[in-house]
Amino acid sequence: MKIQVKEYPETRMDVSVKDCYFGKEIADPYRWLEHTDSEETRCWIESENEVTEDYLSRIPFREAIKYRLKELYDYPKYGLPERHGPYYIFFENDGLRSQSVCYICKGTEEEAEILLDPNTFSSDGTVALTSFTVSRDNRYAAYGVSTAGSDWQQIRVIDLDSREILPDLIGDVKFSEAVWVEGGFYYSRYERPELGKEFSQTNEYQKVYFHRLGTLQEHDELVFEDLEHPLRYFTPYVGRDERFLFILASEGTSGTEVYYCWRNHPESFQVLFSGFEYDYFPVSCDSGRLLMLTNAGAPMFRLTVTDLTKSHPVSVDCIPESEKLLEQVSVSCGRIFAIYLRDASSEVRVFDEEGRYLHTISLPAIGTVTGFRGNAEDATTFYSFCSFNTPPTLFEYFPVSGESVLFRQSRVNFNPDDFVVEQRFFESRDKTRVPMFLCYCKGLQRNGKNLVHLTGYGGFDINRTPDFSPANILLMEQGGIYALVNLRGGGEYGESWHQAGMLSNKQHVFDDFIAATEFLISEGYTGPGKIAASGGSNGGLLIGACMTQRPELYTVVFPRVGVLDMLRYHKFTVGWGWVVEYGCSDDEKQFEYLIRYSPLHCVREGVSYPSTMVMTADHDDRVVPAHSFKFAAALQRAQGGQKPILIRIDTQAGHGAGKPIGKVIEELGDMYSFMFYETDTFFSRE
């Protein structure tokens, strides 16, 4: 007999709360849940968590799943080493530490010492390092610290020689790191929010400051501000020669305007690249020679070079646009390393400093590559390769010979050769060809009875490439299939792929995901009653939209930290930055398409929705938890079937970054327990 849900909490409806959008009256009866710190909301959170815990506690294999996840997560996790003068610095986790530890040594074969251990910053592991940059003279490092997953962070400074933490303390920082020059660093910050509104108040008027080492933050020099445009991000950048200061301005998550000045004349900023139509990412600047990765006139991106010493700088191609997406570029060891995407899998091409092609680095399989950071004078550099069945493996690259040598490889508690990674293509509703990665155990039968965990993102020009998660190994060990769809809205095929899934084209993203589900059924990979779907953040919106548009298609769903109220998302923290991606309900034309798919507003009374676990966290100041609160309340009231509608509200956690491994295991354990139970999938320890 199936577990029955304990009675849901009584969620008050205030029917008087309504908004008028262009003559249309829209009710918002659960708006009181936006006040996340009120006594009423806190009681509601506690009651909902009790219901969820009661249900999950009765799943017979819950603890066995968590035990296996703990085994799978207990492997060494290596970060890429970077050389800074006499030092090599890297991050490493020997297994189940809450946070990775920062180590320092004077050679890759020397015994390393602990430089910073964030596990000592708190008793529960919820304080994390968010950034780490080293000064140009290799004497100091500035590091960001975040508590409970919040986007707010402090910047501290450590002396690399003495290991002494200096008194310098920089607060009120979001989406910024220290950008070093001689004597100190640049950073961006906001004004301090009102007490009690740190996790919900709109963040406006970001400004760039210069902090001189050994001084108080209140004495920091204001370098750049724009009082006419409160809703813009400003990111400082300084090249290797420190001659120029750049400010990258953006009105949201895509589109950049670039200003620059000679550093000895900070009052004379000029526009280098105007408008917000295209993206510009600085790669390096040395002797006035600026390398910039951009999609201006090149939807698949190109690398340009600009001579800033000229009175009227002109950009020309260093590496022209090609048929593959140029995803990342870095410069080290006298080489340019260009990471391309070929059907969402990495390909690395090496060029000389003038952009002449040298060769392509051979990779082990379909996967994802990161790295190649370093200095011009370095003799070697490092990169990381991972795939769905392979945790990040480190290689040292020798540019003279073009050889890659294995540097670090994790010993894991499973055999990677037991699993298959394949890529399939299917047609979406409008006949667009869309790729999907499928991962499963060798010998799997396509009999329509396999549990499939389907996920995707589909937004913000973000590429979903092969990555490693121990939870996927657990799924595949039990005969399940992990499916990752490269939806439109991402950037896997350049800016045109991105634009095909944004603004008024957002429905394409949901159509792609639904078509992927139907393809898996038609090809015999899975069948009715065996389909689980999950996604986080913009991916949470994806799941909310698909489950309300096609509730009969999915068995169990997990909208995680999702954007679910498309009419009010822009009113909280940095939600305004997503208007370039979604549109805004203040605009009549954009309101019309937002209301058609907004998950909160598409919940219908009496519909039988899939088994649902909405997932959020109390310190999420990126996508505020009110989205999830209101959506869960609406679903619980509307549910016309017998399937459970639960909400799991994590405490001392945020949008996901910096979450300690213990919390990750607890969360995934609950998620997979619910997934297996609701799809009638037996979990075996054998």
Side-chain angles (χ1 to χ4, degrees), residues 253-254 277 295 298-301 323-325 341-345 422-438 452 454-465 483-526 528 531 533-535 537-554 557 559 562-564 566 578-583 587 589-599 601-602 610:
T253 50
S254 61
E277 185 178 357
N295 59 6
M300 302 297 276
F301 282 85
E323 75 286 355
K324 297 182 179 68
L325 176 72
L341 283 190
R342 180 179 57 191
D343 291 329
S345 183
E422 68 169 328
Q423 189 175 44
R424 297 294 305 271
F425 293 81
F426 61 91
E427 283 191 352
S428 191
R429 183 178 182 179
D430 62 356
K431 305 302 182 183
T432 297
R433 187 170 180 261
V434 180
M436 172 169 52
F437 291 108
L438 299 176
V452 65
L454 185 66
T455 188
Y457 190 78
F460 296 95
D461 198 25
I462 291 175
N463 305 323
R464 289 298 307 272
T465 59
L484 172 63
V485 194
N486 296 111
L487 306 159
R488 281 176 283 184
E492 290 89 346
Y493 293 102
E495 184 57 21
S496 59
W497 193 254
H498 173 213
Q499 293 182 11
M502 62 186 288
L503 296 173
S504 60
N505 291 324
K506 191 65 179 177
Q507 183 60 41
H508 288 157
V509 182
F510 315 137
D511 290 342
D512 290 354
F513 196 77
I514 290 167
T517 312
E518 293 173 333
F519 173 83
L520 291 170
I521 295 171
S522 66
E523 291 291 305
Y525 287 101
T526 190
I531 304 171
S534 77
S537 195
N538 174 74
L541 162 62
L542 166 73
I543 302 306
C546 290
M547 68 175 285
T548 51
Q549 292 183 16
R550 293 291 303 277
E552 81 290 349
L553 198 55
Y554 302 98
V557 292
V563 187
L564 300 163
M566 300 309 297
W578 315 331
V579 170
V580 296
E581 182 78 13
Y582 296 139
D587 178 283
K589 182 179 178 181
Q590 295 175 345
F591 163 78
E592 290 297 339
Y593 64 70
L594 287 169
I595 192 66
R596 283 199 293 270
Y597 72 76
S598 177
H601 301 93
C602 290

Is [X] reaching over with its side chain to a backbone N or O of [Y], donor-acceptor style, under 3.5 angstrom?
X: W497; Y: L487; result: yes
X: N295; Y: A298; result: no
X: N538; Y: V563; result: no
X: Q423; Y: D343; result: yes
X: T548; Y: A545; result: yes

Any side-chain heavy-atom pair from [X] and [Y] closer than 4.5 angstrom?
X: S428; Y: R433; answer: no
X: Q549; Y: Q507; answer: yes
X: V485; Y: F437; answer: no
X: P599; Y: L564; answer: yes
X: Y582; Y: K506; answer: yes
X: L341; Y: Y493; answer: no
X: D430; Y: R488; answer: yes
X: D461; Y: S254; answer: no

Next on the checklist: Taking atom CD as the centre, does E277 end up with more than 12 heavy-atom neighbours from other residues, nucleotides or ligands that are less than 6.0 angstrom away?
Outcome noted: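 No, not enclosed.
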Minimum heavy-atom separation for [X] to [Y], with atom names?
X: I595; Y: C602; value: O-SG, 4.1 Å
X: C546; Y: F513; value: SG-CD2, 3.7 Å
X: M502; Y: E581; value: CB-O, 3.5 Å
X: T455; Y: G535; value: OG1-CA, 4.1 Å
X: A344; Y: E492; value: CB-CG, 4.0 Å
X: P299; Y: S496; value: CB-N, 4.5 Å

With sequence neighbours left out, write down each residue that passes ring pair (Phe, Tyr, Trp, His ring centres under 6.0 Å) with [X], or none if nothing qualifies.
X: F510; value: Y597
X: Y457; value: none
X: F426; value: F519

Item to check | N463 versus T465, side-chain donor and acceptor atoms under 3.5 Å | outcome: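 No, no side-chain donor-acceptor contact under 3.5 Å.
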Next on the checklist: Go through it in stages, so that I can follow the logic: the residues are L454 and T517, the test is side chain to side chain contact (heavy atoms under 4.5 Å, CB included), and I'd like the CA-CA distance, side-chain angles, deciding distance and then a yes or no.
Outcome noted: CA-CA 8 Å; L454 185 66; T517 312; 3.1 Å; yes
Next on the checklist: Between R424 and L438, is the side chain to side chain contact (heavy atoms under 4.5 Å, CB included) condition met? List the steps.
Outcome noted: CA-CA 7 Å; R424 297 294 305 271; L438 299 176; 3.8 Å; yes
What distance do [X] atom [atom1] and [Y] atom [atom2] have between them, rounded to the nearest 0.5 Å?
X: L553; Y: I521; atom1: CG; atom2: CD1; answer: 5.0 Å
X: S345; Y: K324; atom1: OG; atom2: NZ; answer: 11.5 Å
X: F591; Y: S598; atom1: CZ; atom2: OG; answer: 9.5 Å
X: M566; Y: H601; atom1: CE; atom2: NE2; answer: 10.5 Å

Next on the checklist: side chain to side chain contact (heavy atoms under 4.5 Å, CB included) for E518 and R429? Distances and angles first, verdict last.
Outcome noted: CA-CA 11 Å; E518 293 173 333; R429 183 178 182 179; over 6 Å; no
